[in-house]
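Notes follow the structure.
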There are 2 protein chains.
Amino acid sequence: MSSSGDSMAQADDKGASGDTSVSRDTGTLGKLMVLLDLVTHADAPLRFTDILALANQPRGTLHRQLGHLVEEGLLEFDAEGRYAPGLRLLDFASRSWARNEFRLIAAPHLAALHRETGETVHLGVLRGSSIIYLDKVEGHQPVRMYSQIGNASPCYCTGVGKAALSVLPLDKIEELLPGLHFNRFTSATHVSAESLLAEIGEIAATGHAFDREEHEAGIRCVAAPIWSDDRSFIGGVSVTGPAYRLSMELLQEWAVPVQMTARKIMDEMRIRLGPRR
Amino acid sequence: MSSSGDSMAQADDKGASGDTSVSRDTGTLGKLMVLLDLVTHADAPLRFTDILALANQPRGTLHRQLGHLVEEGLLEFDAEGRYAPGLRLLDFASRSWARNEFRLIAAPHLAALHRETGETVHLGVLRGSSIIYLDKVEGHQPVRMYSQIGNASPCYCTGVGKAALSVLPLDKIEELLPGLHFNRFTSATHVSAESLLAEIGEIAATGHAFDREEHEAGIRCVAAPIWSDDRSFIGGVSVTGPAYRLSMELLQEWAVPVQMTARKIMDEMRIRLGPRR
DNA sequence: AATTAAGTTCCAAATAATGGAATAATTAGC
DNA sequence: GCTAATTATTCCATTATTTGGAACTTAATT
């Protein structure tokens, strides 16, 4: 289950799922989503009291909320009286994924990049301060789907994330920075806005980003940003592999095909989805 | 994207996502989930007015509800002013899938069954009147994950679904039947409760179910049920392939290894999750 | 059997959702 | 380029739901 060259560790960072600090004004739904987030982000099923401690809400309220989430299939309530993520989420997600236009457009280009490099290719989009991985092309062994696809990872320590930030308008970056919780995954992880911003400047100049074992030790990658003209949509494509096989020199060479792949995807998006957005 | 031997057509049946008729008492959440269902089950992004017609709710109400869903990332609002499933659903789902204990226990057994038969192996669970596919082991080509995993298909026309029904207590079947909308996918699809119940009786006797091109023309499968002692959990495992390669005689032979696989998974569940449930 | 902890139910007060109509923004027709 | 039609958004008094504290029930522990 482990072993495979893969830069996407579980997103255990607090800021991973976007805006944790800023509470949205979505009324009842917002409160329920916080709960759903809490349970799905835990690494084991939670008992009522565990959730009570984490959510600091009155018992009665929490009880009803969890009951509603369970009744809707968003959470499961197991025989041991613990709450776990529900399977209805899978049904929703499969439709979201199957119909995603960006992914459909990118798929053949990802396959071509994989053939060219022989290493794992990823496609991701920026959502809040997280990168959500939309697709993955791997050589050997059937993909353990869902193991990575759909995962939200922080933007400040992934190739795709930093590439995405490099095309994000400055005001949007400013908005985003205070919400980031820099989590030192490895010794190379950015832990300050200053060092991150400095690198983003370089990335904007060269058009490609490296992950120098910043998220997971022994894993490197090279990525290029993908964006719509008005920057309302931002993502990226990357080639990832183990450091022993991918020297920084090799990654530097691959920057060209990765950027070309990004360009081809952008060109096709303009044709298929119209130029404005 | 098509071609591969695969019995899981998109679940375009009205009853596919469970209890459409029975409105749950989940307050505000329930109303929002109906909307989310509506948008994710459509086969293209919907405009405000489209949803207005489908949801029959007052304009103001609908507008706010959609706004909340978008703000939470459960829906996306594109540049053309249309609503589509949101990517946050993927993040939720990836955690639901990665942590699902049933899937984790079954995985090695599915792989073994695949090696033995050389055909596609599926794992599914019963949720309401739908089968949600949890895993898939395929020979060639990396899995297009999410293309099938997570899909909800009707129980009355899939091997896993009928196998699951064969171990469902009679009172639960009675509850479920009136909510079924029999959709004739092929000439072999069950279109009445009577014929379905008759077959379920046979399946209960033999311990395995066949899909004789009932969901998709040219696709056959053999399946066996998987259940917890108290029947609170019900699912199934199947081997699926194209009819030209899988004669009914061959499927009959495979019934044995499929049932053995189901048994092994159940045995391990009893050990790992305790015998009661 | 008594004690403690965990989980569930209840209901008046606080809060959020509803729905109808008015307004604003697009799009299509001339 | 203007007008009419369609489509989308905002507003706010009314209505319904959620909230939160406490009382109650059930299960686990000594």
Side-chain angles (χ1 to χ4, degrees), chain A residues 22-39 42 44-86 228-230 232 273-277, chain B residues 22-39 42 44-86 230 232 273-277:
Chain A
V22 185
S23 80
R24 286 173 275 248
D25 179 27
T26 49
T28 306
L29 179 63
K31 296 164 201 163
L32 290 169
M33 295 309 284
V34 168
L35 265 185
L36 191 55
D37 234 25
L38 213 148
V39 176
L46 297 174
R47 283 172 320 162
F48 181 81
T49 320
D50 302 331
I51 304 175
L52 186 64
L54 293 166
N56 63 288
Q57 289 211 72
R59 309 168 84 74
T61 302
L62 184 66
H63 192 259
R64 180 183 36 78
Q65 288 172 331
L66 289 172
H68 283 179
L69 288 169
V70 168
E71 199 165 350
E72 285 295 338
L74 302 178
L75 290 180
E76 311 249 321
F77 185 59
D78 69 22
E80 284 88 40
R82 299 172 312 177
Y83 294 88
S228 62
D229 294 348
D230 66 0
S232 66
L273 308 176
R276 53 239 137 99
R277 66 160 271 173
Chain B
V22 186
S23 80
R24 285 173 276 250
D25 178 27
T26 49
T28 306
L29 179 64
K31 296 164 201 161
L32 290 169
M33 295 309 285
V34 168
L35 265 185
L36 191 55
D37 233 27
L38 212 148
V39 176
L46 298 174
R47 284 172 319 163
F48 181 83
T49 320
D50 302 331
I51 304 175
L52 185 65
L54 293 166
N56 63 287
Q57 289 211 69
R59 311 169 85 74
T61 302
L62 184 66
H63 193 259
R64 180 184 35 78
Q65 288 172 331
L66 289 172
H68 283 179
L69 288 169
V70 168
E71 199 165 350
E72 286 294 339
L74 301 179
L75 290 181
E76 311 249 321
F77 186 58
D78 69 23
E80 285 89 39
R82 298 171 312 176
Y83 294 87
D230 66 359
S232 66
L273 308 176
R276 52 238 136 98
R277 66 159 271 172

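Below, chains carry the letters A, B, ... as their sequence lines are ordered, and counting in each starts from 1. The basis for the numbers below is simple: all heavy atoms, side chains too, and nothing from hydrogens, waters or symmetry mates.
Atom-to-atom, NZ of Lys31(B) to P of dA16(C) comes out at 15 Å; the value is rounded to the nearest Å. What separates CD of Gln57(A) from C1' of dG21(D) is a distance of 14 Å, to the nearest Å. A straight line from CG of Leu66(A) to P of dG20(D) spans 14 Å, rounded to a whole angstrom. Atom CG of Leu69(B) and atom P of dA17(C) are 12 Å apart (whole Å). In this entry the distance linking CG of Leu62(B) with P of dT10(D) reads 14 Å, nearest Å. Rounded to an integer number of Å, the gap from CG of Leu29(A) to C1' of dT19(D) is 17 Å. Distance CZ (Arg82(B)) to C1' (dT26(C)): 16 Å, rounded to an integer number of Å. A straight line from CZ of Arg64(B) to C1' of dT14(D) spans 14 Å, rounded to a whole angstrom.
The structure places CD of Gln57(A) at 4.5 Å from CD of Gln65(A), a figure rounded to the nearest 0.5 Å. Taken from CG in Leu46(B) to CD1 in Ile51(B), the straight-line distance is 5.0 Å, to the nearest 0.5 Å. For the atom pair NE2 of His68(B) and OG1 of Thr28(B), the computed distance is 10.5 Å after rounding to the nearest 0.5 Å.
Side-chain N/O atoms of Gln65(B) include one lying less than 4.0 angstrom from OP1 or OP2 on dT18(C). Side-chain nitrogen and oxygen atoms of His63(B) include at least one within less than 4.0 Å of the OP1 or OP2 phosphate oxygen of dT9(D). For Thr28(A) and dA17(C), the shortest distance from a side-chain N or O to OP1 or OP2 is below 4.0 Å.
Looking at Arg47(B), its side chain has no donor and acceptor atom pair within 3.5 Å of the base of dA8(D). In this model, a side-chain donor or acceptor of Arg59(A) finds a partner on the base of dG7(C) within 3.5 Å.
Aromatic ring orientation, Tyr83(B) versus Phe77(B): tilted (interplanar angle from 30° to 60°).
Taking each heavy atom of Glu76(A) and Gly86(A) in turn, the nearest pair found is CG-CA, 3.4 Å.
A residue-by-residue look at Pro58(B) and Phe48(A) shows that Phe48(A) has its nearest nucleotide of DNA chain C further toward the 5' end.
Of the candidates dT18(C), dT18(D), dG7(C), dT18(D) carries the atom nearest the His68(A) side chain, counting heavy atoms from C-beta on. Set against dT8(C), dT19(D), dT9(D), the side chain of Tyr83(A) has dT8(C) as its closest nucleotide.
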